[in-house]
Amino acid sequence: GQSLEQPSEVTAVEGAIVQINCTYQTSGFYGLSWYQQHDGGAPTFLSYNALDGLEETGRFSSFLSRSDSYGYLLLQELQMKDSASYFCAPPRGTIFGAGTRLFVKA
Amino acid sequence: DAGVIQSPRHEVTEMGQEVTLRCKPISGHNSLFWYRQTMMRGLELLIYFNNNVPIDDSGMPEDRFSAKMPNASFSTLKIQPSEPRDSAVYFCASSRNTGGATKNIQYFGAGTRLSVL
């Protein structure tokens, strides 16, 4: 079977750095993707890791450790507009984690 | 490209009525997904198609739900009869599935907000 676990909520202040963790159990692992969803909006793709290590895309980075079945999304220089839900998912994307709701405070 | 197009954006209906949700995937994409999202259950996969063929429909809650993909550019999700507990946002997504360890980025439509009274 497949499952992903994320914290339900994270709160941080503007300008700070926040890390959103994801642990997974999947069969036929093909990497880990991250999606962002604002309230009332649709999920949008953020980042993907096929191999171990860090992938950087602007203020967002994603890390993967296949041996630990673990990944995280790192958001730097937080802005109010980063307040949203963040989902981890295998790239075939047939399951999503329950999502982490990020609250950014001024 | 216009992205994934879903219609209608909002649907309000009465219990027992038939509801049909429509989706036009991005041209050239060969995988299509239907999701349901609620506060209680999060984002749930209902069914996904690969090359117009249903691959996994284990998420379809019951026989009241059915989905079709008659061609590469159109899919429907039908609920008959609808019930209040079906109230949710229904998303359609498409991707270009090339197999193996590739991104297979899913592009989501704006969703259909369904309210069953």
Which pairs, with at least one residue in residues 4-54 of chain B and sequence neighbours excluded, count as a disulfide (SG to SG under 2.5 Å)?
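Sorted result for residues 4-54 of chain B: B:C23-B:C92.
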Problem set entry | Summary of disulfide (SG to SG under 2.5 Å) pairs that have at least one residue in residues 46-79 of chain B, sequence neighbours excluded |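 Non-adjacent pairs meeting disulfide (SG to SG under 2.5 Å): zero.
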What are the two closest non-hydrogen atoms of [X] and [Y], and how far apart are they?
X: B:F91; Y: A:Q37; answer: CZ-NE2, 3.6 Å
X: B:L43; Y: A:F96; answer: CD2-CG, 3.8 Å
X: A:P43; Y: B:F108; answer: O-CD1, 3.4 Å
X: B:Q106; Y: A:Y35; answer: N-OH, 2.9 Å
X: B:G109; Y: A:A42; answer: O-CB, 3.1 Å

Applying a strict under-4.5 Å side-chain criterion to I, L, V, M, F, W and Y, I'd like to know whether [X] and [Y] cluster together.
X: B:I47; Y: B:V89; value: no
X: A:W34; Y: A:L78; value: yes
X: A:L51; Y: A:Y24; value: no

**Study point:** Engaged part of B:E44 at the chain A interface, taking heavy atoms whose separation is under 4.5 Å
**Key:**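 For B:E44, there is no contact with chain A at all, as no heavy atom is under 4.5 Å.
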